[in-house]
Q: 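What follows is a single structure, and I will ask about it in a moment.
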Amino acid sequence: MSDTTTLKILVHANADLSDALISKAAGGMLPDGGLAERITAEYGVGVELIHEASAGFVALHSALANGSAPMLDSGANIVILSIADDVHALPDLGATAEEAVHRSRDALVGAIRLIKQKMGAHILVANHSTVDPSGDTYNYQGVSPEPISLRIQRLDLMLIGVSHDEGISIIDVDRKVAETGAGGNLSAPMRYLPEAAAIIAGETIRVLADYGFFDDRPLLAQVGAKRKQS
């Protein structure tokens with residue numbers, strides 16, 4: 001990518017993810033620079049980082065479908081989403097856990113397809129650590145609402161299938177934070193301390209580098225298995 005090109009990255013997420021991608025000076029958690037600053041320092045690529053608050057996949061899909069989503073006018077090359085809002089909303093998305101996950105999945109798939117169609121942007125979705133640093137539930141049978149760690153696990157697994165079918169990339173927060181010792185790197189469920197936040201930003205940069213956003217080789221297309229068959 002030439003030095004005159006500015007990469008536009010839109011983070012559609014709340015503090016669960018934005019704190020890990022935005023510098024402390026801009027309201028995030030990273031004292032040594034966020035995603036934009038690190039990409040520029042490491043690759044010499046200019047980055048405009050746009051942040052939007054999220055209300056979950058159902059609301060995003062609806063806004064994209066009726067043309068009212070702010071991201072449609074952003075010119076973003078990359079859109080980064082998070083499962084966190086659906087984790088919190090899951091008990092209200094269906095009569096059973098399976099119905100709720102299915103509704104979340106349908107909304108995410110619909111949003112992904114509209115982002116690709118209307119914006120031509122690449123899409124990354126962050127999963128989350130299943131660790132609840134204050135949790136002490138060992139038997140989930142009959143617990144209502146389900147503990148947040150179980151809801152995170154359900155949506156982490158859902159996201160794997162969506163990635164396969166729709167050809168989007170996962171920022172594997174769950175794996176990367178686990179490698180650092182998850183319990184000591186979260187202040188609350190899906191809220192990360194600075195060391196873990198820096199690791200999440202680094203993993204996001206690695207995924208983007210794999211797609212070739214930081215050099216002149218052609219970008220890899222995000223084409224899922226289902227789209228290939230259609």
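Source: prediction; values computed, not measured. Each residue takes its place number in the sequence, starting with 1. Atoms considered below: every heavy atom in the structure, side chains included; atoms not considered: hydrogens, waters and symmetry mates.
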Q: Are Pro189 and Pro133 packed together at the side-chain level, in the sense that at least one heavy-atom pair is separated by less than 4.5 angstrom?
A: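 Yes, their side chains come closer than 4.5 Å.
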Q: Determine whether Arg154 and Glu98 make a side-chain contact, defined as any pair of heavy atoms from C-beta on separated by less than 4.5 Å.
A: yes
Q: Go through the steps to decide whether Leu186 and Ser129 satisfy the test side chain to side chain contact (heavy atoms under 4.5 Å, CB included), and finish with yes or no.
A: CA-CA 9 Å; Leu186 290 95; Ser129 171; 4.0 Å; yes
Q: Before we go on, tell me: are the rings of His128 and Tyr192 under 6.0 Å apart, centre to centre?
A: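 Yes, close enough.
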Q: Using side-chain heavy atoms (C-beta onward) and a distance below 4.5 Å, is Ile205 in contact with Phe214?
A: yes
Q: Does Asp156 reach the main-chain N or O of Asn127 with its side chain, forming a donor-acceptor pair under 3.5 Å?
A: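 No.
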Q: Of the non-hydrogen atoms in Ala201 and Arg38, which two are nearest, and what is the gap between them?
A: CB-NH1, 3.7 Å
Q: Ile22, Leu193: one ILVMFWY side-chain cluster at the under-4.5 Å cut-off?
A: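 No, because Ile22 and Leu193 fall into different hydrophobic clusters, even though each may have its own neighbours under 4.5 Å.
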Q: Determine, step by step, whether Met158 and His102 satisfy the side chain to side chain contact (heavy atoms under 4.5 Å, CB included) criterion, reporting the C-alpha distance in whole Å, the side-chain angles of both residues, the deciding distance to 0.1 Å, and the verdict.
A: CA-CA 8 Å; Met158 176 272 285; His102 187 73; over 6 Å; no
Q: Do you know which two heavy atoms are closest between Ala107 and His61, and how far apart they sit?
A: O-CB, 3.5 Å
Q: State, with a plain yes or no, whether a side-chain heavy atom of Leu81 is found less than 4.5 Å away from one of Leu124.
A: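 Not in contact.
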Q: Just how far is it from atom CG of Leu90 to atom CZ of Arg151, taken to the nearest 0.5 Å?
A: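 Going from the CG atom of Leu90 to the CZ atom of Arg151 covers 7.0 Å.
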Q: Would you check if Met190 and Ile148 make a side-chain contact, meaning some heavy-atom pair closer than 4.5 Å?
A: yes
Q: Report the distance from atom CG of Leu10 to atom CG of Asn77, rounding to the nearest 0.5 Å.
A: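 Interatomic distance, Leu10 CG to Asn77 CG, rounded to 0.5 Å: 10.5 Å.
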Q: Could you give the distance from CD1 (Ile200) to CG (Leu17), rounded to the nearest 0.5 Å?
A: 7.0 Å
Q: So if you build clusters from Ile, Leu, Val, Met, Phe, Trp, Tyr with side-chain heavy-atom gaps below 4.5 Å, do Leu208 and Ile199 land together?
A: no
Q: Is Arg103 paired with Glu99 through a side-chain N to carboxylate O contact shorter than 4.0 Å?
A: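 Salt bridge: no.
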Q: Using a distance-only test with no angle check, is there a side-chain donor-acceptor pair under 3.5 angstrom linking Asn14 and Ser54?
A: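 Result is no, nothing qualifies.
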Q: Side chain of His122, backbone of Tyr211: donor and acceptor closer than 3.5 Å?
A: no
Q: Let me confirm one number: the NZ-CE distance from Lys8 to Met119, rounded to the nearest 0.5 Å.
A: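 Taking NZ in Lys8 and CE in Met119, the distance rounds to 10.0 Å.
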Q: Please walk me through it: do Val125 and Ser82 pass side chain to side chain contact (heavy atoms under 4.5 Å, CB included)?
A: CA-CA 5 Å; Val125 186; Ser82 165; 5.9 Å; no
Q: Answer yes or no: is there a side-chain heavy-atom contact under 4.5 Å between Asp172 and Asp174?
A: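 In contact.
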Q: Between Arg105 and Asp165, is there a side-chain N and carboxylate O pair less than 4.0 Å apart?
A: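 Salt bridge flag = yes for Asp165 with Arg105.
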Q: Does a side-chain N-to-carboxylate-O contact under 4.0 Å join Glu166 and Lys116?
A: no
Q: For a 4.5 angstrom cut-off between non-hydrogen side-chain atoms, does Leu93 reach Asp86?
A: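 In short, these two side chains touch, coming nearer than 4.5 Å.
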Q: Have Asp132 and Ser149 got a donor and an acceptor in their side chains that come within less than 3.5 Å?
A: no
Q: Any donor-acceptor pair under 3.5 Å linking the side chain of Thr40 with the backbone of Glu37?
A: no
Q: In this structure, would Ile9 and Leu30 fall into the same cluster of hydrophobic residues linked by side-chain contacts under 4.5 Å?
A: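 No, it is not one cluster - the side chains of Ile9 and Leu30 are not joined through contacts under 4.5 Å.
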Q: Hey, what do you get for OG (Ser18) to CG (Leu35), rounding to the nearest 0.5 Å?
A: 12.0 Å
Q: Which heavy atom of Ala121 sits nearest a heavy atom of Ala76, and at what distance?
A: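 Taking Ala121 first and Ala76 second, the nearest heavy atoms are CB-O, 3.7 Å.
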Q: Would you call Arg191 and Asp19 a salt bridge, taking side-chain N to carboxylate O under 4.0 Å as the test?
A: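 Looking at Asp19 together with Arg191, the answer is yes, because their closest N to O distance falls below 4.0 Å.
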Q: Check whether Ser74 reaches the backbone of Met71 with its side chain - one donor and one acceptor, N or O, closer than 3.5 Å.
A: yes
Q: Evaluate side chain to side chain contact (heavy atoms under 4.5 Å, CB included) for Val109 paired with Phe57, printing each intermediate quantity in order.
A: CA-CA 9 Å; Val109 168; Phe57 298 144; over 6 Å; no
Q: Cluster question for you: counting only ILVMFWY and a side-chain heavy-atom cut-off of under 4.5 Å, with indirect links fine, are Met29 and Ile80 together?
A: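 No, it is not one cluster - the side chains of Met29 and Ile80 are not joined through contacts under 4.5 Å.
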Q: About how many Å separate CG of Leu108 and CG of Leu60, when rounded to the nearest 0.5 Å?
A: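 That separation rounds to 8.5 Å.
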Q: For residues Thr6 and Val47, report the shortest heavy-atom separation together with the two atoms involved.
A: CG2-C, 4.1 Å
